[in-house]
J.: 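I have a structure I would like to understand better, so I am pasting it below and will then ask my questions one at a time.
All residue numbers in this chain count up from 1 along the given sequence.
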Amino acid sequence: MAIGINPGAVTVFLVPVFIEICYKSGISEMVVLTGHSLALGAGCTSPIGSVGIIAKGLFDMFGYEGQGAVLLPRIWLNFVIVSAICFVGVYFIFGGYKMKVSGDVQRPAPATPLIKKNLVLIVVCVLLFVVPIILSHLAPQVAFFGTLQNGMDVLMVYSIGIVLAVWMKLGDEKTVLKEQVPWSTVLLVGGCATLVAVCSAMGLGEYLSELISRISNTALIAPVITVVSGLVSLVSDSTAVVFPLFFPAVSGISAATGLTATKLFSCIMTGAILAGIAPISSGGSMNLSFVKKERKNKVFLMLWVYSLCLIVILGFITATPIVR
């Protein structure tokens, strides 16, 4: 993700493979889901990562025009440090060290023509994200490569892939739609996102920013921003909702409290992105869709508990000089 590939594309391509490894080795799916979420935050916030590029554009809009090249490397380092600390904890809490290869694991049978067609289709979809990014970085002066990169929307590409899969008869689309698409989660996420969008239009961001600015104890501002950003991200998208809600307040809070802009932006972004693993958020619901049907309810609850605990932990971490 650090080279700019869309997080959704990486999730769709890799998480199902890693989940299957968990089932083969007898460890909890939470090792993969939490590890992937933390790696997502550490990767996509790089200066050329997908979220880093979005953040740079928002910096220009909200009082830090032309400073993205200075702010982003420090914010990225903050993310890497925070993600590494959290992963050490979840690795032991969820028993990642217990992974063992069972003795009955055998070499898989030769791929059938149907499997080969599926793999080719998946690889082509992934390359549609990777190649434009590489080309735009190798030749930034070519406007067409930048346009091509911006046009590679994950929903559009995979929608085309779905149509091709149906046309090539790679699976039973009726069974997939009835049994494998988590419709209840889709409706829940859509409803929550709509509610947050309405609240944003009514001035929720300005109200929350004003409340945070009134905190007299400077030491509490960073953890409060982190926790509030994380809570909002539980039911909404980080880049589309949380960033525009809280970024405008950074310059004012920084001037009033003396906290650096990199610390404040890092608090907002860590809370928003890393808490996005909640099962009713866009990223968390996507992860949950790869879990076995009989395990979904249990993992759903575990993701909720993990998300809430992580928000509190992130608040403690961002309150320290580690994040600056």
Side-chain angles (χ1 to χ4, degrees), residues 1 5-44 50 87 90-91 94-96 99 101-102 105-130 152-166 168-186 189 276-300 302-303 306:
M1 296 184 203
I5 301 176
N6 187 290
V10 177
T11 298
V12 171
F13 186 59
L14 291 180
V15 171
V17 178
F18 296 154
I19 286 284
E20 189 62 27
I21 293 174
C22 283
Y23 292 140
K24 295 291 185 182
S25 58
I27 63 172
S28 172
E29 304 96 333
M30 292 296 291
V31 177
V32 165
L33 299 183
T34 56
H36 170 74
S37 173
L38 295 168
L40 182 151
C44 67
S50 57
F87 181 71
V90 300
Y91 178 78
F94 296 115
M99 177 177 284
V101 179
S102 59
V105 174
Q106 300 177 356
R107 186 180 181 86
T112 64
L114 195 63
I115 293 177
K116 291 180 180 179
K117 291 179 181 178
N118 269 297
L119 290 175
V120 169
L121 185 59
I122 292 172
V123 170
V124 168
C125 288
V126 173
L127 288 177
L128 287 174
F129 294 104
V130 178
M152 288 297 103
D153 179 73
V154 63
L155 296 178
M156 180 193 72
V157 172
Y158 281 109
S159 294
I160 295 174
I162 291 170
V163 173
L164 290 175
V166 173
M168 297 167 64
K169 300 187 183 300
L170 300 182
D172 185 355
E173 65 274 15
K174 293 182 180 179
T175 302
V176 172
L177 290 173
K178 289 181 180 179
E179 301 180 6
Q180 298 182 12
V181 176
W183 291 111
S184 58
T185 304
V186 170
V189 172
I277 194 176
I280 62 170
S281 67
S282 54
S285 60
M286 184 183 295
N287 285 329
L288 189 64
S289 67
F290 303 122
V291 177
K292 286 183 178 179
K293 186 176 181 180
E294 61 271 19
R295 292 275 301 166
K296 280 190 188 301
N297 289 338
K298 185 173 182 178
V299 175
F300 183 93
M302 293 174 69
L303 285 175
Y306 168 80

J.: Any idea which heavy atoms bring Leu288 and Lys296 closest together, and the distance?
T.: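 That would be O-NZ, 2.8 Å.
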
J.: Please walk me through it: do Val299 and Leu33 pass side-chain contact (heavy atoms from CB on, under 4.5 Å)?
T.: CA-CA 10 Å; Val299 175; Leu33 299 183; 3.9 Å; yes

J.: Could you work out, with side chain to side chain donor-acceptor pair (under 3.5 Å) as the rule, every residue matching Thr11, not counting sequence neighbours?
T.: His36

J.: Taking all heavy atoms of Cys22 and all of Ser28, pick out the closest pair and write down the distance.
T.: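 Where Cys22 meets Ser28 most closely, the heavy atoms are SG-O, 3.6 Å.
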
J.: When rounded to the nearest 0.5 angstrom, what is the spacing between OG1 in Thr34 and CZ in Phe87?
T.: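 Going from OG1 on Thr34 over to CZ on Phe87, the span is 7.0 Å.
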
J.: Taking distance alone, no hydrogens or angles, what donor-acceptor pairs closer than 3.5 Å link side-chain atoms of residues 109-123 to residues at least two apart or in another chain?
T.:
{"unit_1": "Thr112", "atom_1": "OG1", "unit_2": "Ile115", "atom_2": "N", "d": "3.3"}
{"unit_1": "Asn118", "atom_1": "ND2", "unit_2": "Leu114", "atom_2": "O", "d": "3.2"}

J.: List the atom of Pro279, the atom of Leu303, and the distance in Å for their closest heavy-atom pair.
T.: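 In terms of heavy atoms, the two residues are closest at CD-CB, 3.7 Å.
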
J.: Below 4.5 Å, heavy atoms only, C-beta onward: do Asn287 and Ile277 meet side chain to side chain?
T.: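 Side-chain contact under 4.5 Å: yes.
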
J.: What's the shortest heavy-atom distance between Phe290 and Val12, and which atoms?
T.: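 It is CZ-CA, 4.0 Å.
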
J.: Check side chain to side chain donor-acceptor pair (under 3.5 Å) between Tyr23 and all other residues, then give those that pass, not counting sequence neighbours.
T.: Glu29

J.: Taking side chain as C-beta onward, heavy atoms only, is Val90 less than 4.5 Å from Tyr306?
T.: yes

